[in-house]
Amino acid sequence: MAPSLLSRRFTSYVSVRMVTVVSVVVVLLLVLEGTSGGKLFTVNNLGGALSTSAEVGFIAIGVTMLMIGGEFDLSVGQSFVAAAMTFAALFQPLGIAPALLISVALGAGIGFLNGLITLAFGIPSFITTLGTYYGIAGVVLMITGGSPVSIAVVPRSFHLFSGGIAGSQVQWQVVWWFGFAAIAAFVLHKSAFGNHVFAVGGSRQAAGNTGVRVNWTKMALFMICGATAAFSGVVLFALYGDVEASAGSGLQLQAIAAAVIGGTALFGGVGTIYGGVLGSFFLGVIDTGLVLSGASTTYYEFFVGIVLIGAVVLQVKMEGFSTVTKRLGLNLASLVERRNLPAAGGAERSRARGEGPLPQGADRVPSARLTGVGGDEEPPAAEHAPVEGVLGGDGQAVLAPAAGALPGKTVAPVLELRHVTMKFGPVVAVDDVSFSISGGEILALLGDNGAGKSTIVKIVSGVYRPTSGELYFDGRRVAFRSSKAARKSGISTVYQDLALVGTMNVWRNFFLGAELRKRSVLDTTRMRWETARALTEIGLANLSSVDQGVGTLSGGEGQALSIGRAVYFEKKLLLLDEPTAALSVKETDNVFEYTRRAAASGVAVLVIMHNTQQALEISNRVVVMRHGRIAGEFSRAAGNFPSQETVNAMISGVI
């Protein structure tokens, strides 16, 4: 196994959490083994525990994915019962396959209802699904009168779900469980949708700012959760031939416990499917161990509660240790990787920093930067020729003419705002604002809090649609419906909150919302390589690895990652909202350098800063705003560039 792969798996944040909790559970199982007289750890008993675990295990798959996405579903127990009863009523008149599809669709429909209520009204999913739990329970009781639904003889065709595989101890329900888990794990870790699941759970706002369809992703998770619970209900009915209205009681809490034992964070963004499977199996073994030890089955809930509380406490306590371990492990792995890389000079060695072997046939130094989100196409010709530096000795911008531009002709603006107004109810955040910016310029937008600066950035980046006025981008009038649409058009934004998900690693953040694919599967090798190359090119060479968690980065490193990502995907315009906030002097200088490099490549840069001195240092044009309106516009080229005192006086309203 390559060192990079070993470091990723052994030092992953999830692994440390999961291994810690699992170690405690193993100790508990050893105690049960002793009290049962050595009967627990036998092939037959463990096989029985595995079959028992499948019931909760099916539900835990959907619950784990939903929890990673930052939501809960307490109604899965009733989805389980409703689907089982629906299947019982329909399999004879319609056949098994149609009855199964309708039952699973019912579960997905309940999930859709949960998601719709939660997302449309902003209600916590805990409350929404608690309400649907009781609502569905009431409907089931009204229909059945509290009586169980059963059949006299279980058809042989049901054995496909509940029977055993000939000549083995393995039950078909376990095969179905593991099959579903494998598919879910593949989707979660190898697809763009899975990457978005981790993102919306780690930071909904950051995911939305990068173009991820947050509500769509969460809605899909609710439906998946309901569908897996429904399938589990069908398997239960196929196994026993009957189902009671109370059969789903407590299953939702067991599924949550299984997910948490397996390392899934209660607040989203962290978890694995195999961890949920392992947690479900542990619960089954605990149940079996209590029976073998002669303890009452009523102790099962007690043990599950203790394990759940202990798991959460241990995960919180291990969080800091996980971060330290991850940094250490990746540093050591990087040293080993560099030692194993072929000899390379200067640029080649820096590009390979922190990376494992490159894809077969790939050059060490690619001929051009990738700009798409998939395939191997070369990027289109640059709109602006690169120039040496962005500011001359007097701070004057040195602009590179667009391809084919005639000498002496004015370069058309990349962005132009015409009489833009933005109202939030009676509050006017932006009032009749007009300005433009061309390629190669760095325009500083200055003003006090509430001046409307960030609102303008969000209007340009597609987060807000202006109440009135017009936006022109690259000579065309535009009305972006989302940040994703703006990004596709060539606008990259570094928000004040950086739009980074702290629970994800560097390369997943770098390509979030623009994942590279190979036949619909994430091309993880290429994304890791491209991330390392791009960050090295902007001078961020001190990262241990692209597998390092973003939560372990310093403020300056986070800003560099955001700017590097924006520059990598940009085409014409880069928006920076407070890029030096809370940074040290050295980190601020680095951010300035990254910004100048972006402008030097012909990109138009719009930057928002509260620090007037820094803004005047980096920019060649300044727009001062006050109370949502433009108070003044200045340019070095026009010879009216202001002093710091003048700008501060305008911001305060003195002049």
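Sorted by first then second residue, the salt bridge (charged side-chain N to carboxylate O under 4.0 Å, His left out) pairs that include residues 417-429, not counting sequence neighbours, are E416-R418.
For the residue pair R528/N505, the side-chain donor-acceptor check at 3.5 Å is not satisfied.
The side-chain hydrogen bond (donor to acceptor under 3.5 Å, both in side chains) search around T421 returns none, not counting sequence neighbours. When the side-chain hydrogen bond (donor to acceptor under 3.5 Å, both in side chains) test is applied to R519, no partner is found at least two apart in sequence or on another chain. Residues passing the ring pair (Phe, Tyr, Trp, His ring centres under 6.0 Å) test with H419: none are found, sequence neighbours excluded. For F424, the ring pair (Phe, Tyr, Trp, His ring centres under 6.0 Å) partners at least two apart in sequence or on another chain are Y464.
Within the 4.5 Å cutoff, the side chain of F511 has no heavy atoms near those of the L522 side chain. Contact of the L535 side chain with the F510 side chain is registered, since non-hydrogen atoms from C-beta on lie closer than 4.5 Å. For the pair V624/I630, no side-chain contact is recorded, criterion being any heavy-atom separation below 4.5 Å from C-beta on.
Salt bridge annotation for E578-K453: absent, with no cationic side-chain nitrogen under 4.0 angstrom from a carboxylate oxygen.
A429 and T455 get closest at one heavy-atom pair: CB-OG1, 4.0 Å.
In this pair, W216 and F193 present their aromatic rings perpendicular. The plane angle is above 60°, beyond the 30 to 60° band.
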Exercise answer: donor-acceptor pairs, residues 442-451 side-chain atoms, under 3.5 Å, sequence neighbours excluded:
residue: N449; atom: OD1; partner: H610; partner atom: NE2; Å: 2.7

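Remark: the backbone N or O of S619 is paired with a side-chain donor or acceptor of R636 at under 3.5 angstrom.
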